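Some notes on the structure that comes next.
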Amino acid sequence: MSGQQYDEIGEAFEGFKSLPMMRYGEVPSFLGLVGDVSGKSVLDLACGTGFYSREFKRRGAADVYGVDISVEMIAAAREIEQRDPLGVRYGVGDVAELPPLDPRFDIALGVQCLNYAEDIATMERMCRNIHRSLVPGGEFFVLAQNPDYRFDCPSLEAYGFRCEPVGEIETGTRVRVTALLDPQPITIVSSAPRSDVYEACLRAAGFSEIAWVPLEVSDAGIREFGKEFWADLLAYPPLAMLRCRA
């Protein structure tokens with residue numbers, strides 16, 4: 001599950017955020033979880049094309065550095081930065097091999113990041129590198145596949161996605177996610193690690209105050225589609241969030 005699959009996507013990845021689950025579920029939920037970043041430094045790990053990097057810079061972050069393993073994703077992020085300069089910095093890097101960063105950051109983001117670890121040792125190494133990148137008391141916010149997601153539940157296609165189990169690895173279930181974009185769907189393979197794996201790796205790295213936070217749907221999403229539309233998503237949420245402190 002390297003960055004190669006993302007190299008083939010590039011800026012088309014931006015389209016993910018337009019799908020109903022992302023636009024009215026993931027994005028407002030994650031922005032609300034992180035909260036006020038005014039004057040703070042933010043490290044965006046597995047930043048992709050920089051969606052959250054840009055959002056938090058617009059929301060007042062003093063410094064934002066986005067890191068991704070995919071060369072093409074970072075190229076797309078830098079191209080967007082050139083078109084609409086915000087002062088976000090980007091670099092190519094593997095979170096499992098992340099070098100010490102100086103100065104350290106107030107906040108780290110891991111949106112679809114730790115779930116790319118192929119084994120527990122790799123996830124623990126990623127967590128240690130992230131912990132080392134934060135100031136004492138700094139916060140780490142995670143968004144990833146819900147460890148408790150039931151793959152036999154109602155389809156996610158109404159929300160723009162298809163989600164299928166494709167085997168087991170040491171950390172949990174390997175997952176194939178297809179974003180039903182028009183005209184060309186995009187498929188990515190990652191995993192849904194077990195909650196005990198997340199928590200053990202984070203604690204081993206030195207994190208504390210680990211708390212799971214459920215996905216919500218914004219008021220705008222309710223107005224746009226109606227409450228009943230979101231019933232299956234909220235009953236069987238495919239995504240979950242987590243916060244912890246260094």
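Not measured: the values here are computed from a predicted model.
In this structure, His131 and Arg128 have side chains that are not in contact, with every pair of non-hydrogen atoms separated by 4.5 Å or more. For the pair Pro238/Leu233, a side-chain contact is recorded, criterion being any heavy-atom separation below 4.5 Å from C-beta on. Thr187 has its side chain out of reach of Pro185: every pair of non-hydrogen atoms, C-beta onward, lies at least 4.5 Å apart. Using a 4.5 Å heavy-atom cutoff, the side chains of Cys113 and Val142 are not in contact. Inter-residue side-chain proximity for Cys163 and Val175 is flagged as met; some heavy-atom pair is nearer than 4.5 Å. Counting heavy atoms from C-beta on, the side chains of Ser18 and Met22 never come closer than 4.5 Å. Using a 4.5 Å cut-off on side-chain heavy atoms (C-beta onward), Tyr52 and Val64 make no contact. Taking the side chain as every heavy atom from C-beta outward, Met21 and Leu239 approach each other to under 4.5 Å.
Of the charged side-chain nitrogens involved, at least one lies within less than 4.0 Å of a carboxylate oxygen, so that Glu26 and Lys17 count as a salt-bridged pair. The pair Glu81-Arg78 does not count as a salt bridge, with every side-chain nitrogen at least 4.0 angstrom from each carboxylate oxygen. Contact check on Asp94 versus Arg125 returns no salt bridge, with no Lys/Arg side-chain nitrogen under 4.0 Å from an Asp/Glu carboxylate oxygen.
Interatomic distance, Glu209 CD to Cys244 SG, rounded to the nearest 0.5 Å: 9.0 Å. Here the OG1-CD distance, from Thr178 to Glu157, works out to 9.0 Å after rounding to the nearest 0.5 Å. Note that the CG atom of Leu156 and the CG atom of Leu180 stand 9.5 Å from one another [nearest 0.5 Å]. Taking OG of Ser190 as the start and CD of Gln145 as the end, the distance is 4.0 Å to the nearest 0.5 Å. Here the OH-SG distance, from Tyr198 to Cys127, works out to 9.0 Å after rounding to the nearest 0.5 Å. In this structure, the separation between CD on Gln82 and CD1 on Ile80 is 11.0 Å, given to the nearest 0.5 Å.
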Could you please spell out the steps behind the side chain to side chain contact (heavy atoms under 4.5 Å, CB included) verdict for Ile169 and Asp119?
CA-CA 7 Å; Ile169 58 175; Asp119 51 47; over 6 Å; no

What verdict does the side chain to side chain contact (heavy atoms under 4.5 Å, CB included) test give for Ser155 and Asp232, after you've listed the backbone C-alpha separation in whole Å, the side-chain angles of each residue and the deciding distance to 0.1 Å?
CA-CA 8 Å; Ser155 170; Asp232 288 338; over 6 Å; no

What do the steps show when you test Phe56 against Leu109 for side chain to side chain contact (heavy atoms under 4.5 Å, CB included), and what is the final call?
CA-CA 10 Å; Phe56 286 112; Leu109 315 175; 3.6 Å; yes

Under the side chain to side chain contact (heavy atoms under 4.5 Å, CB included) rule, what do Phe30 and Leu215 come out as? Steps first, then yes or no, please.
CA-CA 8 Å; Phe30 192 68; Leu215 194 75; over 6 Å; no

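Taking the six-membered ring where the residue is Trp, the centroids of Tyr24 and Tyr159 are separated by 6.0 Å or more.
Of all heavy-atom pairs spanning Leu134 and Ala108, the tightest one is CD2-N, 3.6 Å. Nearest heavy atoms, Arg150 versus Cys153: O-SG, 2.8 Å. Closest approach of Val67 and Gly93 over heavy atoms only: CG1-O, 3.6 Å. Closest heavy-atom contact between Gly87 and Lys57: O-CE, 3.9 Å. For the pair Pro193 and Pro147, the tightest heavy-atom approach, listed with the atom from each and the gap, is O-CB, 3.3 Å. What you find for Thr122 and Ala96 is that their closest heavy atoms are CG2-CB, 4.0 Å.
Between the side chain of Asn115 and the backbone N or O of Ala192 there is no donor-acceptor pair closer than 3.5 Å. In this structure, the side chain of Asn146 engages the main chain of Pro237 through a donor-acceptor pair within 3.5 Å. In this structure a side-chain-to-backbone donor-acceptor pair under 3.5 Å is present from Arg132 to Leu98. Checked by atom type and distance alone, the side chain of Arg243 never pairs as donor or acceptor with a backbone atom of Phe141 at under 3.5 Å. Proximity of a side-chain donor or acceptor of Arg54 to a complementary backbone N or O of Ala77 within less than 3.5 Å is not detected. Remark: the backbone N or O of Val217 is not paired with any side-chain donor or acceptor of Trp230 at under 3.5 angstrom.
If you chain together hydrophobic residues whose side chains sit under 4.5 Å apart, Ile107 and Met241 fall into the same group. Under the 4.5 Å side-chain heavy-atom criterion for grouping Ile, Leu, Val, Met, Phe, Trp and Tyr, Phe140 is not connected to Leu143 through any hydrophobic cluster. Tyr116 and Val95 are assigned to two separate hydrophobic clusters, defined by single-linkage of ILVMFWY side chains at heavy-atom distances under 4.5 Å. One hydrophobic cluster, built from ILVMFWY side chains closer than 4.5 Å, holds both Ile210 and Ile130. In this structure, Leu45 is a member of the same hydrophobic cluster as Leu202, with clusters built from ILVMFWY side-chain heavy atoms closer than 4.5 Å.
With sequence neighbours left out, the side chain to side chain donor-acceptor pair (under 3.5 Å) criterion links Glu199 to Trp212. For Arg89, the side-chain contact (heavy atoms from CB on, under 4.5 Å) partners at least two apart in sequence or on another chain are Asp63, Tyr65, Phe105.
The local environment of CZ in Arg23 is sparse, with at most 12 non-hydrogen atoms from other residues, nucleotides or ligands closer than 6.0 Å. Atom CD of Glu168 is surrounded by more than 12 heavy atoms from other residues, nucleotides or ligands within 6.0 Å.
Relative ring orientation between Phe229 and Phe225 is described as parallel, the plane-to-plane angle staying below 30° on a 0-90° scale split at 30° and 60°.
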Cut-off 3.5 Å, no hydrogens considered: what does the side-chain donor-acceptor table look like for residues 33-44, sequence neighbours left out?
unit_1: Asp36; atom_1: OD1; unit_2: Ser38; atom_2: N; d: 3.0
unit_1: Asp36; atom_1: OD1; unit_2: Ser38; atom_2: OG; d: 2.7
unit_1: Ser41; atom_1: OG; unit_2: Asp106; atom_2: N; d: 3.0
unit_1: Ser41; atom_1: OG; unit_2: Asp106; atom_2: OD2; d: 3.1
unit_1: Asp44; atom_1: OD2; unit_2: Ser53; atom_2: N; d: 3.1
unit_1: Asp44; atom_1: OD2; unit_2: Ser53; atom_2: OG; d: 2.7

